[in-house]
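Report on the structure given below.
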Amino acid sequence: MTLQQEPALAPESAATRFGPLVRPDRVHRTLYTDPAVFAEEMTKVFGGRSWVYLAHESQLPEPHSFLSVRMGLRPVLVTRDRAGKLHAVFNRCSHRAATICREEQGVAKSFQCPYHGWTFRNTGELVGTPWPQGYGPGFDKTEFGLHVVPRVESYRGFVFGTLNEAAPPVADWLGPATTWLDYWIDRSPGEVLVRAAAHRMGYRGNWKLAYDNAGDGYHPAFSHRSLLEMASRLGESKDMAYFGRTPDDGPMRTHMLGNGHSVIDQRPNYDGPGSFWANQRPQPGREAFEERVRAEHGADADRLLDLCVGSQINLSIFPNLLVIGNQIQVVEPLAVDHTQLTWHATAVSGVPPVVNTMRMRTQEDFPAFGEPDDQANFEEVQRGLAAAEAEWVLMNRGFGVDGWQEVGPDGVVTSTATDELHMRSYYPAWLALMEEETR
């Protein structure tokens, strides 16, 4: 039996269907394999009441800029109008459903559907149809504009959209995650910029496998063994080597931030300005670059060198945004067993150009040498999930273990980095969305 041939869920209430599939320390395999579950996720988790990450503002640098993205499977255009205000519209002609724009990004005041020539403003209004007499005197253009994402909000450059007009402000939905985004942004003396082409990688597995893994501090010692062995040969303090030294006893912590968001904080493994750079793995030209920065910038050199290296946090914003090192990663579901991960490298303003050059070289490291390990695991997990008789996927590390979790005054739950608390914390948010009845 292939994944696509599994029986669909019975037509009963969402609460009855999904509640029994999520237990405190495990979830049912069908949440990763059933096409009916996936289809409902695309409606409710990537639509419905959820805020979904769409873009970074720097990808739309001027009035009339546009960017082609997805909300789940929905093709969406994020646009700026002539005043610079952000909008999001479905990239779907209101006439016969063809996409109206086939470019990834650019500048356009309007879009003309290549199929039958209907033309729309970049804010969604229908402005023209060829030979309008063919639609009769009662045809009202105001009724046939593009479908609009009703709420689009930005938090410090991170642009989110929701189909829920009654959603709380995006800053409230992010909650304690704003503290971590603020840290990530404020490392830069100027703006964070997303201007390079994206690095896209596809794997044959469910989208939640990537989200599971993003908050998992348990796997690096095994999945990334080749990276860690290379780092250990160069000195035990090198980046990520600490994952191989009984991380439960180390200073790293994982924090549950509410609404399915979480963060792994690796910064306690480092000591003061310059330590991010000092513990980075080797790179071509590193020595000459460091010598130049120290010669030209003196006392400011450590700060500039640290900006070349990742932020040492792994921040997960449910359902589709992962902030890893200096990079923005977007989880893009394509089918129940097919996912694309899109990595966006970032630059920063207010620094010498050579710093951004080395920053880019650093951002090539993990996607090339670490992410293939993860994606191989995702595909092997999906293959293992075909064993229907083994029904449950465990997330029980740290569950019920005395002294592992603590709750802060802001409600943030903290534990050791290998606790599978990340999964146990985001699934209730997933379940709340999935149990919402469609009206």
R424/D419 ion pair, N-O < 4.0 Å: yes

Salt-bridge criterion met for R17 and E435 (N-O under 4.0 Å): no

N91 (side chain) donor-acceptor with C101 (main chain) under 3.5 angstrom: yes

Test log, rule side chain to side chain contact (heavy atoms under 4.5 Å, CB included), inputs V37 and F18: CA-CA 9 Å; V37 173; F18 296 115; 4.1 Å; yes

Donor-acceptor pair, side chain of R80 and main chain of V107, under 3.5 angstrom: no

H422-D216 side chain donor-acceptor pair, cut-off 3.5 Å: no

T414-H255 side chain donor-acceptor pair, cut-off 3.5 Å: yes

Distance, nearest 0.5 Å, that separates NZ of K109 from CG of N122: 9.5 Å

Sub-6.0 Å ring centroid separation between H261 and W180: no

All salt bridge (charged side-chain N to carboxylate O under 4.0 Å, His left out) counterparts of R70, not counting sequence neighbours: E332

No-hydrogen, no-angle side-chain donor-acceptor test under 3.5 Å, N314 and Q266: yes

Side-chain touch H344/T342, heavy atoms, less than 4.5 angstrom: yes

CA sep, side-chain torsions, deciding dist, call: E41, T43, side-chain hydrogen bond (donor to acceptor under 3.5 Å, both in side chains): CA-CA 5 Å; E41 288 175 330; T43 299; over 6 Å; no

Residue pair L341, Q375: steps toward the side chain to side chain contact (heavy atoms under 4.5 Å, CB included) verdict: CA-CA 10 Å; L341 298 180; Q375 296 204 5; 3.5 Å; yes

Heavy-atom side-chain contact between I328 and L322 under 4.5 Å: no

Any donor-acceptor pair under 3.5 Å from S50 side chain to G47 backbone: no

Close side-chain approach of W277 and R303, heavy atoms under 4.5 Å: no

Reported CZ-to-CG distance for the pair F160 and L321, which is rounded to 0.5 angstrom: 5.5 Å

S68 and R102: CA distance, side-chain angles, deciding distance, side-chain hydrogen bond (donor to acceptor under 3.5 Å, both in side chains) verdict: CA-CA 8 Å; S68 180; R102 286 101 192 256; over 6 Å; no

Carboxylate-amine/guanidinium proximity below 4.0 Å for R294 and E290: yes

Check: R74 side chain, F46 main-chain N or O, donor-acceptor pair, under 3.5 Å: yes

Close side-chain approach of S425 and V413, heavy atoms under 4.5 Å: no

Residue pair D248 / T418, side-chain donor-acceptor N/O under 3.5 Å: yes

Test: R121 cationic atom under 6.0 Å from F111 six-membered ring centre, within 45° of axis: no

CZ (R204) with more than 12 external heavy atoms under 6.0 Å: no

Reported NE2-to-CG distance for the pair H147 and L163, which is rounded to 0.5 angstrom: 6.0 Å

Neighbour count >12 (heavy atoms, 6.0 Å) for atom CD, E291: no

Between N206 and Q382, a side-chain donor and acceptor under 3.5 Å: no

Aromatic contact, F318 with W430 (centres under 6.0 Å): no

Heavy-atom side-chain contact between T79 and L86 under 4.5 Å: no

Y426 side chain to N259 backbone, donor-acceptor under 3.5 Å: no

Heavy-atom side-chain proximity of R92 to I100 below 4.5 angstrom: no

Please tabulate, for the side chains in residues 190-202, all donor-acceptor contacts under 3.5 angstrom to protein atoms that are two or more places apart in sequence or on a different chain.
unit_1, atom_1, unit_2, atom_2, d
R195, NE, S58, O, 3.1
R200, NH2, E104, OE2, 2.8

Expected output: side-chain S262 to main-chain L257 donor-acceptor under 3.5 Å: no

Backbone of G274 reached by a side-chain donor or acceptor of D306 within 3.5 Å: yes

Donor-acceptor under 3.5 Å (D337 side chain, G205 main chain): no

N/O donor-acceptor pair under 3.5 Å between K44 side chain and M434 backbone: yes

Carboxylate-amine/guanidinium contact D182 R156, below 4.0 Å: yes

K208 vs L31 side-chain heavy atoms within contact, under 4.5 Å: yes

Y427 side, atom OH; D212 side, atom CG - distance, nearest 0.5 Å: 5.5 Å

R49 with E436: basic N within carboxylate O range, under 4.0 Å: yes

Residues R29, D34: salt bridge by 4.0 Å N-O rule: no

Polar contact flag, side-chain donor to acceptor under 3.5 angstrom, N326-R187: yes

T362 and Q283 side chains, donor-acceptor separation under 3.5 Å: yes

Distance (rounded to the nearest 0.5 Å) between Y32 OH and W207 CH2: 9.0 Å

D81 side chain to H64 side chain, donor-acceptor N/O pair below 3.5 angstrom: no

Salt bridge flag under 4.0 Å for residues R253 and E406: yes

Between Y155 and W173, ring centroids under 6.0 Å: no

V159 side chain reached by Y53 side chain, heavy atoms, under 4.5 Å: no

Basic-acidic side-chain contact under 4.0 Å: R292, E296: yes

Expected output: side-chain Q363 to main-chain A345 donor-acceptor under 3.5 Å: no

